[in-house]
Number of protein chains: 2
Amino acid sequence: MVGYSQSEEDYLETLYVIQLENRVARVKDVAQALDVKMPSVVAAVRSLSEKGLVEQEKYGHIELTKKGEKVGKDVYKRHQLLYAFLHEVLGLEPWVAEEDACRMEHHLSPQTRERISRIVEYIRACKGDEVHFLKRFMYFVNAGEMPAPCLGCTNIKRCR
Amino acid sequence: MVGYSQSEEDYLETLYVIQLENRVARVKDVAQALDVKMPSVVAAVRSLSEKGLVEQEKYGHIELTKKGEKVGKDVYKRHQLLYAFLHEVLGLEPWVAEEDACRMEHHLSPQTRERISRIVEYIRACKGDEVHFLKRFMYFVNAGEMPAPCLGCTNIKRCR
DNA sequence: AACTGAGGTTAGCCTTGACTAACATTGTTA
DNA sequence: TAACAATGTTAGTCAAGGCTAACCTCAGTT
């Protein structure tokens with residue numbers, strides 16, 4: 001129960017996403033999605049099936065077991081969370097956020113995951129409100145410079 | 001110029017930190033720091049020296065070249081940045097922040113790095129001020145629940 | 001029913017990066 | 001100065017995870 005390698009997580013996540021889209025997973029699809037050659041997929045599938053994570057009948061399509069689906073879904077959730085954080089909070093462009101999410105999704109502790117999801121939640125909850133801090137926070141994060149001093153503030157001791 | 005592997009970055013960072021502390025890097029130290037055996041270090045050093053990143057005379061100590069020092073320093077800076085973010089902003093306990101920083105430091109794009117450093121900078125700049133948003137933001141991130149409504153607010157349309 | 005081409009598989013190879021066991025060097029200490 | 005303990009190195013092994021080349025299956029076409 002030590003967990004799965006980055007490579008294994010990538011395969012399981014890919015299969016999960018294909019399954020989410022109500023498509024049937026074939027070796028070629030997975031190879032394209034992960035930018036590897038078909039024999040690599042075949043080897044990975046054999047290894048994963050020995051661990052009870054996927055099932056495949058020869059020349060047939062690849063299916064996640066319950067266990068494999070659980071892992072794949074978990075990785076995918078981490079990916080989504082990171083993407084949301086990178087794009088919505090940090091304001092990174094979609095493709096940068098996507099790429100970074102792919103690379104970082106394998107390296108988050110549960111604690112970090114929890115904290116990041118709180119930030120995303122908070123920022124989302126504030127969206128659309130004229131919340132003072134939010135505009136300034138987002139301005140700084142996105143523009144990289146301090147917003148101009150806020151003159152009308154009464155409840156802020158020193159307004160940067 | 002494609003970059004360096006996670007393993008290579010770890011070795012260079014370790015050597016950089018030892019160098020920072022004005023210590024001399026020996027095979028055994030590096031092995032202990034990275035929790036690997038000495039022959040692994042020897043192999044890594046040979047490989048890195050072929051790439052012009054380190055130098056070592058047989059049975060002597062290991063030194064970073066200018067090029068290697070640059071890479072090691074860069075990795076270390078990423079590590080410090082991530083640690084600061086995880087600890088100071090997300091409020092994670094030091095050992096969790098440390099562990100996550102170690103794993104994530106290899107997977108940050110320059111863009112993400114830049115954005116995260118802005119957040120850290122902003123949070124640091126606000127420390128000690130009675131800035132309205134900061135307290136609420138940090139409360140939420142750390143406690144995981146919305147702070148109580150703020151009654152005295154005049155410049156916030158709706159205060160969650 | 002035979003053919004053909006896309007997709008799947010196998011065999012065999014390579015690199016990375018770890019390991020153990022055995023051997024070599026060095027520096028300290030008797 | 002000789003010996004020994006600590007440190008460093010070499011040789012050989014292994015697993016993971018890619019790859020290419022060659023071969024196999026199967027579905028659709030003729």
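Computed from a predicted structure; not experimentally measured.
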If you measure from OH on Y11(A) to CG on L48(A), what distance do you get to the nearest 0.5 Å?
8.5 Å

Kindly write out the residues that satisfy salt bridge (charged side-chain N to carboxylate O under 4.0 Å, His left out) with R46(A), not counting sequence neighbours, or none if the list is empty.
none

Strand-adjacent residues in residues 18-31 of chain B, judged by heavy atoms under 4.0 Å from DNA chain C:
none

Do the side chains of L86(A) and V96(A) get nearer than 4.5 Å, heavy atoms only?
no

Nearest 0.5 Å, please: how far is CD in Q80(B) from OH in Y76(B)?
4.0 Å

For the CG atom of L64(B) and the OG atom of S49(B), what is their distance to the nearest 0.5 Å?
12.0 Å

side-chain contact (heavy atoms from CB on, under 4.5 Å) filter on Q32(A), not counting sequence neighbours, yields K28(A)

Tell me what E57(A) touches on the nucleic acid: a base, only sugar-phosphate, or nothing, going by heavy atoms under 4.0 Å.
nothing

For K37(B) against A31(B), the heavy-atom pair lying closest together:
C-CB, 4.1 Å

Covered region of DNA chain D, 5' end to 3' end, by chain B [heavy atoms, under 4.0 Å]
dT7(D) to dT10(D)

Output a table of donor-acceptor pairs, distance under 3.5 Å, between side-chain atoms of residues 15-26 of chain B and any protein atom two or more places apart or on a different chain; print 'none' if there are none.
{"residue": "Q19(B)", "atom": "NE2", "partner": "E69(B)", "partner atom": "OE1", "Å": "3.3"}
{"residue": "E21(B)", "atom": "OE1", "partner": "R23(B)", "partner atom": "NE", "Å": "3.0"}
{"residue": "E21(B)", "atom": "OE1", "partner": "R23(B)", "partner atom": "NH2", "Å": "3.1"}

Residues 51-62 of chain A vs salt bridge (Lys or Arg N to Asp or Glu O under 4.0 Å), sequence neighbours excluded, gives E8(A)-K51(A)

Got a list of protein N/O to nucleotides 14-18 of chain C N/O distances below 3.5 Å?
{"residue": "dG17(C)", "atom": "OP1", "partner": "S5(B)", "partner atom": "OG", "Å": "2.6"}
{"residue": "dA18(C)", "atom": "OP2", "partner": "Y11(B)", "partner atom": "OH", "Å": "3.2"}

Could you tell me which residues satisfy ring-ring contact (aromatic ring centres under 6.0 Å, His included) with H87(A), sequence neighbours excluded, listed by chain and number?
Y83(A)

Below 4.0 angstrom, N of the basic side chain to O of the carboxylate: do D74(B) and R78(B) qualify?
yes

Identify the pairs formed between an N or O of the protein and an N or O of nucleotides 24-28 of chain C at a distance under 3.5 Å, and give each distance.
none

To the nearest 0.5 Å, tell me how far M104(B) CE sits from L108(A) CG.
5.0 Å

Taking only residues two or more places apart in sequence or in another chain, which ones pass salt bridge (charged side-chain N to carboxylate O under 4.0 Å, His left out) with D10(B)?
none

Taking five pairs at each end of the helix from dA1(C)-dT30(D) to dA30(C)-dT1(D), what angle separates the two helix axes (nearest 10°)?
20°

Does L12(B) form a side chain to side chain contact (heavy atoms under 4.5 Å, CB included) with L53(B)? I'd like the steps, not just the answer.
CA-CA 8 Å; L12(B) 294 172; L53(B) 295 160; 4.1 Å; yes

Could you work out, with ring-ring contact (aromatic ring centres under 6.0 Å, His included) as the rule, every residue matching H106(B), not counting sequence neighbours?
none

